[in-house]
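Taking it in order: structure first as structure tokens, then the write-up.
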Number of protein chains: 2
Amino acid sequence: MAKSNHVTLEDIAKKLGITKVTVSKSLRDHPDISTSTKEKVKEKADELGYRRNRLAQSLTLNKTNTIGVIVPKISHTFFSDTLEGINRVAYDNDYEIVLCVSEEKEEREKSHVDTLLSMQVDGLLISVSEETSSPEHLQEITNQGVPLVLFDRRIDGVDAACVTVDDQGGAYKATEHALDRGLTEIVHISGYSNVNIGKNRQAGYENALRDHGLTPDDEWIIEGGFGEADGYWGGVEMIERGINPDAIFAVTFPVALGVEDAIRRKKPSIRDSLQIYSFGQHELNRFFSNPHTSVHQPAKKIGSEAMSLLLKRMDDPDADILDVELPTHIVEVQEDALPPYLDDGS
Amino acid sequence: MAKSNHVTLEDIAKKLGITKVTVSKSLRDHPDISTSTKEKVKEKADELGYRRNRLAQSLTLNKTNTIGVIVPKISHTFFSDTLEGINRVAYDNDYEIVLCVSEEKEEREKSHVDTLLSMQVDGLLISVSEETSSPEHLQEITNQGVPLVLFDRRIDGVDAACVTVDDQGGAYKATEHALDRGLTEIVHISGYSNVNIGKNRQAGYENALRDHGLTPDDEWIIEGGFGEADGYWGGVEMIERGINPDAIFAVTFPVALGVEDAIRRKKPSIRDSLQIYSFGQHELNRFFSNPHTSVHQPAKKIGSEAMSLLLKRMDDPDADILDVELPTHIVEVQEDALPPYLDDGS
DNA sequence: GTGAAAGCGCTAACAT
DNA sequence: ATGTTAGCGCTTTCAC
């Protein structure tokens, strides 16, 4: 079991009494080379266990076939679903993914951008952290001539294509859904407004109220981040302030969970008389005792769409590529619904 | 907004009237260089927007600071949690992650191994696909002298360290938990036995039965894969065969979900009289109307442990590194439990 | 159809 | 303290 350390083109060439150029061309099926030598070369390469060094290849070609992906979190369905979408398209197009997680920290996001650029990725896919407030490090990417596509979360001031969902419309629909059912005391647990999803979802909520003759009350909008803990503390705050809604609209699914935890621990009495709405659903919602009504976010689609846009951009850096805004719809749990893995839609 | 295409060491050197070697050393704070030139160099580098080319660096150093990770699925909590653990340790140690997904296909797994090796990753972390039956492509990694650590799922015949959980013990405990509560009619929806988790969990189930004076019945062990759809079809099969258990022990959490779906659709009457046990839990179990009792798998820990082992291996390729088997325990849902994000244990 | 030369951007070893 | 040389493994001209 010899540790056959690194067979190179040169090695093959020597054994065959030819030069590495011929070997290189043979292995890439270059028309220059005769069929017979190609065969010999390939055979020898197999025999020696040759494997090309993509580092060297990338260095000469100035192309790595690699993209960088930065997400705020990884073990949250939305992002892992998105990643799945990204991965699918990347795989089909022979790109590898370098995965980075910002943990919702702007500093980490910046440093990851730097690392990925130094790795010479061919493009970047980023969903910004909830902290991110300045666009410079993102604009820098574009300035370097590296294609960038933002997805789901974005901030202003960056010259890059974005794939988002109709945040405002979705939030509007959710709020309206509640209002239509006579639920008028609707608290919104919101995200930070520096990020689109925070701002737009809140706007959708407020617009729906207004269009139904109600006035949004700042006291009923509790601001926080996009994670479970944020939802929890938002819920605690709501309870401590003595607010008693008949519906809660949470800016993300994790936030909704946090709110539920807060209610279960601090004021379980209101639990059953409260309808939870969340922006973003979860596959397991169908097993819940109090299922949410939610705004469906096509997470995989967001990912695949973002990757597709990026591919276009990488293909033609000057193509002007338009933002994509995917539609959303309201989903209520249906007892008899086909489980997702048996369904082929979406 | 000049597209300052690729400033190199040479560029900085020329502007400063020195050589690129000095520049290189300066930027890496090599003791050779005087403080004054270091400062000048760094200043100039900033000014020109220099960013080192890791491709070139890796090529010369023969080290990429990159590891490859191959998982069967991505949008399943267990794997995204594992990834989170891997990522945490990798980040702390300045390694980047190239992420690949096998989609439970042996072919894809093989091709990813090949790609990652050609990318010159410094190490590999793999959880094998449910299809994987031959160890050659994995042994090949080790033969190439590239450190490899398997996690959660493994197969025999590979010379690599593994991080697993106590599958057999966990399965035993789950089965015993049921037996202790008077549930003796226990169906096992099992995975494939070429992979450790399939084999060992089934063994744990059978041993528990035997130790309690019962004889495992092959009719009550329904074999499939590790995903939701597998669970669904397993459940359907169980129902069609007219089997009527009082508990079901599922080899994975997704499988348990599939079984539940099958029951909900095909025979909802038995739903409430049935206790579901699953190997592997889910954070959202606490919101379920019929919560599972589950074998807790420390997913993040598996990931961080695997990455730590890999680091050791990469540090000293000849260190013989022992497998790690993490303990499991049974968790039942507790109404008043602290939500995980407020907890600081494990 | 095959090969010689040059270079991608970097660093380590060895001068000076 | 700074520079010279050489090379990592590959591919792209451009000769022959």
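Below, all heavy atoms of this structure are taken into account, side chains as well, without hydrogens, waters or symmetry copies. Below, chains carry the letters A, B, ... as their sequence lines are ordered, and counting in each starts from 1. Since this is a predicted model, take the numbers as computed values, not measurements.
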Just to be sure I understand the rule, does [X] reach a base, reach only the sugar-phosphate, or reach nothing, if contact means heavy atoms closer than 4.0 Å?
X	value
B:S58	nothing
B:R54	nothing
A:I18	sugar-phosphate

Counting only distance, no hydrogens or angles, is the base of D:dG3 paired donor-acceptor with the side chain of B:K20 under 3.5 Å?
no
Looking at A:K25 and C:dG3, is any side-chain donor or acceptor paired with a base atom of the opposite kind under 3.5 Å?
yes
In plain terms, say whether A:D152 and A:R154 are close enough for a salt bridge, that is, a side-chain N and a carboxylate O under 4.0 Å apart.
no
Do B:K44 and B:E47 sit within salt-bridge range, that is, some charged N less than 4.0 Å from a carboxylate O?
yes
If you draw a 6.0 Å radius around NZ in B:K15, do more than 12 non-hydrogen atoms from other residues or ligands fall strictly inside?
no
Measure [atom1]/[X] against [atom2]/[N] and give the value in whole Å, please.
X	N	atom1	atom2	value
B:I33	C:dA12	CD1	P	12 Å
B:N62	C:dT11	CG	P	14 Å
B:R51	C:dC10	CZ	P	12 Å
A:L27	D:dT12	CG	C1'	16 Å
B:L16	D:dG3	CG	P	10 Å
B:R52	C:dT11	CZ	C1'	13 Å
B:D29	C:dT11	CG	P	13 Å
B:L117	D:dG9	CG	C1'	16 Å

Checking contacts here: which listed nucleotide ([options]) is nearest the side-chain heavy atoms of [X]?
X	options	value
A:V21	C:dA5, D:dT2, C:dC10	C:dA5
B:L9	D:dC10, D:dA1, C:dT11	C:dT11
A:T8	D:dC10, D:dC14, D:dT2	D:dC10
A:L59	C:dT2, C:dC8, D:dC10	C:dC8

On a heavy-atom basis, the closest approach of A:N194 and A:E130 is ND2-O, 3.3 Å
Shortest non-hydrogen contact between A:L310 and A:L124, atoms and distance
CD1-O, 3.7 Å
If the cut-off is 4.0 Å, is [X] near the phosphate of [N], judged by side-chain N/O to OP1 or OP2?
X	N	value
B:Q57	C:dG9	no
A:S24	D:dC10	no
A:S34	C:dG1	no
A:R28	D:dT11	yes
B:T22	D:dT2	no
B:T60	D:dG7	no

If each of B:D32 and B:N53 is mapped to the nucleotide of DNA chain C with the nearest heavy atom, which maps nearer the 5' terminus, i.e. the 5' end?
B:N53
Of A:L61 and A:A56, whose nearest nucleotide on DNA chain D comes first from the 5' end?
A:A56
Any donor-acceptor pair under 3.5 Å linking the side-chain atoms of B:E84 with those of A:S75?
yes
